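Note that this is a predicted model, so its numbers are computed, not measured.
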Amino acid sequence: MPIDFRNTNTVWASILVETFQRLGLTTAVICPGSRSTPLTVAFASHPQIEAIPILDERSASFFALGQAKQTGKPVVLVCTSGTAGANFYPAIIEAKESRVPLLILTADRPPELRDCHSGQTIDQVKLYGHYPTWQTELATPSLELKQLSYLRQTLIHAWEKTLFPVPGPVHLNLPFRDPLAPLPEPKATDLATTFQPEEFFTHLPSSLILHPSSFIPHPPSPLQQWQNCQRGIIIAGVAQPQNPRDYCQAIAHLSKTLNWPVLAEGLSPLRNYADLNPYLISTYDFILRNPRLADKITPEIAIQIGELPTSKTLRSWLETTQPLTFLVTESDRNLDPLHGRTIPLRMAIASLAATLNPIPATPSPTAYLQQWCDTERQTRQKIDTTLSSIPDLIEPKVAWLISQQLPPETPLFIANSMPVRDIEYFWKPGNRHIQPFVNRGANGIDGTLSTALGIAHRHQSSVMLTGDLALLHDTNGFLIRQYFQGHLTIILINNNGGGIFGMLPIAKFDPPFTEFFATPQNINFARLCAGYDIEHQRIESWQQLESLLNPLPTSGIRVLEIKSDRNLDVKWRQDQFQQFAEAIQSTL
């Protein structure tokens with residue numbers, strides 16, 4: 001891209017865009033506004049960057065978050081001055097907490113127009129508090145070569161800080177003076193005769209993508225201690241690795257070397273690569289609801305890989321039993337909410353697995369491991385038999401059904417609240433290599449639809465599993481459809497309210513429960529979809545749902561609505577969970 005020498009702002013903005021592109025930027029999400037005009041023009045003009053205009057800033061920021069989750073590369077967000085940037089805040093919090101690289105560019109008034117009641121002006125410096133991994137305000141645009149070099153080097157640092165030492169959001173506040181439009185300015189035109197773009201950019205690395213684990217010292221693993229322990233478990237929590245097969249193979253190697261079971265969260269890829277690991281445990285939540293059995297399978301050592309699974313039952317058991325825990329993580333964050341006897345190992349699981357010797361032959365399972373495997377087999381059979389025989393449309397069956405019906409390698413975005421829990425409870429292990437995505441950094445329902453669209457954009461046909469409230473919270477995401485490339489099927493479980501609250505003690509107090517917690521909205525989703533020109537189908541049977549999920553369409557957005565009774569769903573869970581636990585017979 002040639003530098004735009006029409007005026008000072010166009011030179012500054014086009015150098016910014018060219019620098020980021022040479023570092024590896026491919027996508028910029030642009031929100032409309034006046035003060036950001038130089039940035040918008042520069043991004044929209046660059047032939048190697050996809051610039052996507054999105055009206056709603058909150059929706060735009062979650063769309064960018066989804067893109068960054070899918071690619072592992074920073075995505076740029078641009079907005080004008082004033083409250084526009086404040087609407088990015090929830091997505092920035094999620095990016096920080098889930099370690100997703102984002103570059104936030106907020107345009108601003110120059111210093112002389114602040115604190116004087118100039119229009120659309122707020123204090124944007126450190127707007128996002130401590131959530132950015134790095135933040136700064138750039139100088140006002142200048143044509144001096146020294147200042148242009150300062151700009152380039154600051155941008156390189158900003159790019160690096162989105163990825164190292166831990167991926168996350170970086171905020172740059174950019175003040176611009178008038179003229180904001182690309183009106184000609186003689187001084188800028190004169191610069192074109194002396195400026196040497198290739199010399200200016202020659203030292204930039206091509207596609208500077210840093211992997212955090214390459215910068216983290218790898219302590220030696222306490223392998224001998226682990227190998228001497230016959231009552232150990234591996235806990236694999238929420239994870240969205242860029243190379244899921246390698247991730248699963250590394251955990252499988254560790255499991256088979258140690259002869260330990262792997263308690264695999266449904267929001268990680270492990271259950272979708274079940275053929276790699278013979279010791280996979282997916283029903284741990286129900287197993288641990290049986291007090292007698294939970295006591296008998298108390299571990300001495302646990303290896304926790306990344307974050308803990310969602311299950312409160314598992315967390316309570318770990319808190320009670322207090323095994324010596326080794327936390328394997330590339331993050332610099334404290335991932336020990338139970339405050340147990342935890343020793344952090346700051347390294348990638350692949351790096352840890354690489355230190356283990358090859359297994360000449362898989363050893364016979366220990367009695368402890370066999371207990372886990374036998375109980376898993378028994379509980380899994382009970383769950384499958386129970387769910388397969390249910391003809392009525394109930395919420396808990398959806399996660400179980402789609403685990404067996406989605407096309408191979410389908411990206412699946414799972415909304416927070418009840419869907420993520422049903423995935424953990426009921427997702428059946430298989431070998432379809434489904435790619436689960438979640439916003440479990442801050443666990444909010446903000447931006448659910450927009451994130452899913454960001455994940456699906458220009459990728460394989462994707463699916464989103466959501467409840468009605470999470471979708472309604474972000475219906476402005478449908479405005480993205482005119483720029484969306486690809487396909488997204490939205491499986492909407494409409495139980496007219498927040499089903500998860502029915503599982504809490506407050507459900508017994510009504511009022512105020514229904515009005516203030518369940519918050520039924522009574523929305524006609526067929527009409528809502530029609531207003532956005534989105535395809536809508538009402539699901540009347542499980543057979544109909546199956547036929548619509550495989551194969552998936554290749555383009556467009558559609559909503560498949562499953563209506564269920566919120567109160568009946570809650571009662572089914574309460575009754576059936578207890579039955580699952582009581583049906584487990586100890587084999588010790």
Do I156 and L23 make a side-chain contact, defined as non-hydrogen atoms from C-beta onward lying under 4.5 Å apart? yes

If every non-hydrogen atom of P182 is compared with every non-hydrogen atom of T10, which pair is closest and at what distance? CB-CG2, 3.7 Å

Are the aromatic rings of H171 and W134 close, with centres under 6.0 Å apart? no

Short N-O contact, E265 and R440, less than 4.0 angstrom: no

Could you check whether any side-chain heavy atom of I414 comes within less than 4.5 Å of a side-chain heavy atom of P436, counting everything from C-beta outward? yes

So, F63 versus H457, ring centres under 6.0 angstrom or not? yes

Would E424 and R271 count as a salt bridge (charged side-chain N to carboxylate O under 4.0 Å, His left out) if you check the C-alpha gap in whole Å, the side-chain angles of each, and the deciding distance to 0.1 Å? CA-CA 10 Å; E424 182 174 29; R271 294 197 204 178; 5.3 Å; no

Is any side-chain heavy atom of Q67 closer than 4.5 Å to a side-chain heavy atom of I455? no

Is I434 close to E409 at the side-chain level, that is, under 4.5 Å between some pair of heavy atoms? no

Please identify which of these residues, I491, L488, L548, meets the side-chain contact (heavy atoms from CB on, under 4.5 Å) condition with R558. L548

With the side chain counted from C-beta on, respond yes when P411 and V463 share a heavy-atom pair under 4.5 Å apart, and no when they do not. no

Does a side-chain heavy-atom distance below 4.5 Å link F437 with L412? no

Considering only NZ, NE, NH1 and NH2 on the basic side and carboxylate oxygens on the acidic side, decide whether D178 and R35 come within less than 4.0 Å. yes

Between R22 and E198, is the closest basic N to carboxylate O distance under 4.0 Å? yes

Going by an N to O cut-off under 4.0 Å, is there a salt bridge joining D56 and R58? no

Any salt bridge linking R458 with E50? Criterion: basic side-chain nitrogen under 4.0 Å from a carboxylate oxygen. yes

Look at the side chain of Q304 and the backbone N and O of I235, then say whether any donor-acceptor pair between them is shorter than 3.5 Å. no

Do R114 and D123 meet the salt-bridge criterion of a basic N to acidic O distance under 4.0 Å? no

May I ask you to decide if the ring planes of Y89 and Y128 are parallel, tilted or perpendicular, using 30° and 60° as cut-offs? perpendicular

